[in-house]
Amino acid sequence: MNEKVRVRFAPSPTGYLHIGGVRTALFNWLFARHHKGKFILRIEDTDLSRSTDESIRQIIEGLKWLGIDPDEGPYRQTERRDIYLEHIERLLKEGKAYQCYCTPEELEQKRKEALAKGEKPRYDGKCRNLDTPPPGRTSAVRFKTTMEGNTVVDDLLRGEVVFDNTELDDLIILRSDGTPTYNFVVVVDDATMNITHVIRGDDHLANTPRQVQLYHGLAYQPPKFLHLSMILGSDKARLSKRHGATSILSYRDTGYLPGAMINYLVRLGWSYGDQEIFSKEELIEKFSIENIGKSAAVFNPEKLLWLNSHYIKTGDPLRLASYLRPHLLNEGILPESQASEISVEEIAKVIPSLQERSKTLIEMARGTEFFFAKEIQYDEKAARKFLIPSIVPIFERLIHMFEKSENFDTDSLERIFTDITEKQGLKLGKIAQPVRVALTGKTVSPGIFDVISLLGKERVVERLKMGIRYIG
RNA sequence: GGCCCCAUCGUCUAGUGGCCUAGGACACCAGCCUCUCACGUUGGCGACACGGGUUCGACUCCCGUUGGGGCUACCA
């Protein structure tokens, strides 16, 4: 690993960027950063019919949100067509590949027959030694696979994985429409981009012997391989839409912090003793292949939530404020005009009062309503229960005390409340709840002294008076 | 079906032949704290898939079984 490390993340833009892909990207990125190497983003868009620009946009946006920044790319395979054709030409010239005139329909037919007989469907090599091409047919190009002996994949995680070459067949490297196929371009790309380590999902392991043969055919040195185990859903099936949100951006949009996401994902398949919490810098320093696990991991939303709440709890209010702003807008707490104008400093003021009681930024956004709302709405049940005539004298007393109080910090406020509860022989709860409802409209809020202090004398007095008017 | 990978609490994992009466974290349950909701805190529940070897000694090594996952396309 003293050579310059070059790794890549190579998603296909055929849907949203999902959790599993992000974990792969993260491991590649950490590996590159740890070894001071390069992390390259490459879009595998050889399947024209399924690739979309929207998907590419989402991949880039998702990685950006998480701070998984590429050093090179995004490269797009559709832009590297000439390179692939050159390589195909070379194989053809060297007799290592050949034109295949079989139609997809014929192939499909043969596959069905093989399956029906309980055999493994393999290409029968019909066109392999054809002297005269059948007229009027388009052709695809197949690679001449070596079918004797075996191919060994040397995997950094799993050791030597041996495949019997009789399991393989001549794979198509150029479709009849002139576009190259995945197993071929991935080899050409990784070779020509000087990728040193291919770290990717387990689902690619079984295709790797084909790729190894291609490396040999092309006279390229294969990279080191490392196949990560999959991330599964709660039913142990491969993670998919059925398991709920799997798009990385949906986590951003539902109030998760990128640091929490990274911290969660890295622990799916990697560990460092008993440690659970890692900063990015720490991960870069500590990440190593030796501590990657071999077994598949089940995605556990509860633990992600816990990590998110941890990061909210311990986060810097100013930083949290910038993440909170879009949710303030989305939740309708602040109108668009105001949301863009208000400073992070202003937003950050309320945040400490909510850090301990918010598991997501959405929860936090909702919790700020008392602070940002011009006029508060009473929750009907709360008002009926707590805004009752017997509380009016207390409110009046509080208004009086607040108005003559010079300090409005939580300590001074607590003294005012203690004074009242002692004189009246009441428990704090007896007056805190009605005050809470008068000030926030709800029975749930940050600590009452925090609420009062944050709101400031003027608004507190105003809302208490409004409460009195409501009662009377 | 064939081939390949994997196997410690419900979940993520520590464990690299004696340190294990198997540790931590999430979740769950109970107590404490308390102005609401939370936070916090204390305790509890809870696993080496099974069967054979190897060894003085296996969670750790080997084989098999079972279970799960992946691949088996002119998808990636």
Side-chain angles (χ1 to χ4, degrees), chain A residues 10-14 44-47 49-51 100 102-104 107-108 111 115 117-123 138-142 153 155 157-158 161-164 166-169 171-177 179-183 185-186 201-210 227 229-230 232 234 236-238 264 267-277 290-291 293-307 309 313 354-359 363 367 382 386 414 417 421 427-433 435-437 440 442-449 451:
Chain A
S12 62
T14 52
E44 310 250 313
D45 57 351
T46 50
D47 183 353
S49 59
R50 296 200 306 152
S51 299
C100 174
C102 300
T103 64
L107 264 14
E108 182 56 31
R111 181 169 33 248
L115 248 22
K117 275 190 279 184
E119 288 169 8
K120 183 184 170 68
R122 298 168 68 252
Y123 178 62
T138 54
S139 66
V141 175
R142 282 187 192 267
V153 174
D155 190 281
L157 234 202
R158 302 166 202 282
V161 184
V162 181
F163 294 85
D164 196 323
T166 55
E167 291 297 319
L168 275 24
D169 63 0
L171 79 152
I172 289 187
I173 55 178
L174 188 72
R175 298 185 186 92
S176 50
D177 68 359
T179 59
T181 58
Y182 168 75
N183 279 301
V185 296
V186 74
D202 206 355
D203 47 341
H204 291 280
L205 181 55
N207 278 320
T208 309
R210 294 173 176 287
H227 290 92
S229 285
M230 309 264 82
L232 310 177
S234 51
K236 303 249 182 173
R238 192 185 189 150
Y264 177 71
R267 288 283 290 100
L268 241 39
W270 180 83
S271 60
Y272 190 80
D274 282 341
Q275 191 171 340
E276 296 285 352
I277 307 293
E290 289 83 80
N291 294 322
K294 291 200 270 196
S295 47
V298 173
F299 181 76
N300 182 209
E302 279 81 32
K303 188 151 185 185
L304 206 211
L305 226 209
W306 171 75
L307 273 161
S309 68
K313 231 172 290 170
L354 288 158
Q355 281 175 284
E356 303 258 284
R357 57 199 94 225
S358 313
K359 290 189 192 306
E363 274 182 39
F386 292 107
E414 190 161 359
F417 273 75
T421 50
K427 298 254 285 179
L428 179 57
K430 283 288 174 202
I431 60 178
Q433 275 308 77
V435 171
R436 190 185 314 280
V437 174
T440 71
K442 300 183 177 96
T443 53
V444 174
S445 85
I448 195 65
F449 307 125
V451 170

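Reckoned from all heavy atoms, side chains included, excluding hydrogens, waters and symmetry mates. Given the structure is predicted, the values throughout are model-derived calculations rather than measurements. In the text below, chain A, chain B and the rest are named by the order of the sequence lines, each starting its count at 1.
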- Query: Is rU60(B) paired to anything, Watson-Crick or G-U wobble with both distances less than 3.5 Å, and if yes, which nucleotide?
  - Reply: none
- Item | Minimum-distance nucleotide (side-chain atoms of Asp203(A) versus rG70(B), rG68(B), rU72(B)) | rG70(B)
- Task: Report the nucleotide, chosen from rC12(B), rG69(B), rG40(B), that has the shortest atom-to-atom distance to any side-chain atom of Ala237(A).
- Result: rG69(B)
- Item | Partners passing side-chain hydrogen bond (donor to acceptor under 3.5 Å, both in side chains) against Ser139(A) (at least two apart in sequence or in another chain) | Gln99(A)
- Spacing of the P atoms in rG15(B) and rU72(B) (rounded, Å): 34 Å
- Message: Considering every strand and a 4.0 Å limit on heavy-atom distances, what is the contact class for Val162(A): base, sugar-phosphate, or nothing?
- Response: sugar-phosphate
- Message: Over all strands shown, is Gly269(A) touching base, sugar-phosphate only, or nothing at heavy-atom distances under 4.0 angstrom?
- Response: sugar-phosphate
- Task: Figure out the CZ/P separation between Phe299(A) and rC12(B), and round it to whole Å.
- Result: 12 Å
- Task: Specify the separation, in whole Å, of atom CG of Leu157(A) and atom C1' of rG70(B).
- Result: 15 Å
- Which nucleotide in the set rU8(B), rC4(B), rC71(B) lies at the smallest distance from any side-chain heavy atom of Asn207(A)? rC71(B)
- Task: Using atom CG of Asp169(A) as one end and atom C1' of rC74(B) as the other, report the distance to the nearest whole Å.
- Result: 12 Å
- Message: For rA76(B) and Thr46(A) - does any side-chain N or O of the residue sit under 4.0 Å from the phosphate oxygens OP1/OP2?
- Response: yes
Would you tabulate the nitrogen or oxygen pairs shorter than 3.5 Å linking the protein to nucleotides 19-22 of chain B?
none

- Nearest-Å distance once atom C1' is located in both rU16(B) and rU8(B): 14 Å
- Provide the Watson-Crick or G-U wobble partner of rU65(B), both distances under 3.5 Å; none if there is no partner. rA49(B)
- Query: When the C1' atoms of rA22(B) and rC4(B) are considered, how many whole Å apart are they?
  - Reply: 31 Å
- Using 30° and 60° as the class limits, which term best fits the ring planes of Phe417(A) and Phe449(A): parallel, tilted or perpendicular? perpendicular
- Using the P atom on both, measure rG46(B) against rC3(B) and round to a whole Å. 41 Å
- Task: Classify the side chain of Ser176(A) versus the base of rC74(B) as yes if they form a donor-acceptor pair under 3.5 Å and no if they do not.
- Result: yes
- Query: Quick one: side-chain hydrogen bond (donor to acceptor under 3.5 Å, both in side chains) partners of Asp274(A), sequence neighbours excluded?
  - Reply: none
- Whole-Å gap separating P (rG68(B)) and CE (Met230(A)): 18 Å
- rC39(B) pairs with which nucleotide, Watson-Crick or G-U wobble, both distances below 3.5 Å? none
- Message: Does rA73(B) have its OP1 or OP2 closer than 4.0 Å to a side-chain nitrogen or oxygen of Arg142(A)?
- Response: no
- With sugar-phosphate taken as primed atoms, P, OP1 and OP2 and all else as base, the protein-contact string of nucleotides 24-37 of chain B at under 4.0 Å (heavy atoms; B, S, -) is BBS--------BBB
- Message: Please report the distance, rounded to the nearest Å, between NE2 in His204(A) and C1' in rG69(B).
- Response: 15 Å
- Is the backbone N or O of Glu276(A) less than 3.5 Å from a side-chain atom of Arg267(A), with the two atoms forming a donor-acceptor pair by type? no
- Sequence neighbours excluded, the answer for side chain to side chain contact (heavy atoms under 4.5 Å, CB included) partners of Gln433(A) is Phe386(A), Arg436(A), Thr443(A)
- Message: Tell me whether the side-chain N/O atoms of Arg111(A) come closer than 4.0 Å to OP1 or OP2 in rC74(B).
- Response: yes
- Integer-rounded Å distance: rC6(B) C1' and Arg158(A) CZ: 7 Å
- Take Val298(A) and Lys294(A), find for each the nucleotide of RNA chain B with the closest heavy atom, and name the residue whose nucleotide sits nearer the 5' end. Lys294(A)
- Item | Whole angstrom value for the distance that separates P of rG70(B) from CZ of Phe163(A) | 16 Å
- Task: Could you give the distance separating rG69(B) and rG53(B) at their C1' atoms, to the nearest angstrom?
- Result: 28 Å
- With Tyr123(A) via ring-ring contact (aromatic ring centres under 6.0 Å, His included) - residues at least two apart: none
- Query: If we take the C1' atom in both rC9(B) and rC5(B), what is their distance in whole Å?
  - Reply: 24 Å
- Task: For Thr181(A), enumerate each residue passing the side-chain hydrogen bond (donor to acceptor under 3.5 Å, both in side chains) test, keeping only those at least two apart in sequence or located in another chain.
- Result: none
- Message: For nucleotides 58-64 of chain B, give me one character per nucleotide, 5' to 3': B if any protein heavy atom sits under 4.0 Å from the base, S if the only such contacts are to the sugar-phosphate, - if neither.
- Response: -------
- Item | Integer angstrom distance from the C1' of rG17(B) to that of rC71(B) | 36 Å
- Query: Which whole number of Å gives the distance between the P atom of rU42(B) and that of rC19(B)?
  - Reply: 28 Å
- Tell me the partner of rC3(B), counting only Watson-Crick (N1-N3 plus N6-O4 or O6-N4) or G-U wobble (N1-O2 and O6-N3) with both under 3.5 Å; none if nothing fits. rG70(B)
Which donor-acceptor pairs under 3.5 Å do side chains of residues 293-301 of chain A form with protein atoms, sequence neighbours excluded?
{"unit_1": "Asn300(A)", "atom_1": "ND2", "unit_2": "Glu302(A)", "atom_2": "OE1", "d": "2.9"}

- Query: Checking all strands, does Ile172(A) fall into the base, sugar-phosphate, or nothing category for heavy-atom contacts under 4.0 angstrom?
  - Reply: base
- In whole angstrom, give the distance that lies between atom CG of Leu205(A) and atom P of rA76(B). 19 Å
- Query: With sequence neighbours excluded, what pairs up with Ser234(A) under the side chain to side chain contact (heavy atoms under 4.5 Å, CB included) test?
  - Reply: His243(A)
- Sequence-distant partners of Ser309(A), side chain to side chain contact (heavy atoms under 4.5 Å, CB included), two or more places apart: Trp306(A), Lys313(A), Lys359(A)
- Message: Among residues at least two apart in sequence or on other chains, which ones pass side chain to side chain contact (heavy atoms under 4.5 Å, CB included) with Val444(A)?
- Response: none
- Using a cut-off of strictly less than 4.0 Å, decide whether Thr14(A) has a side-chain nitrogen or oxygen near OP1 or OP2 of rA76(B). no
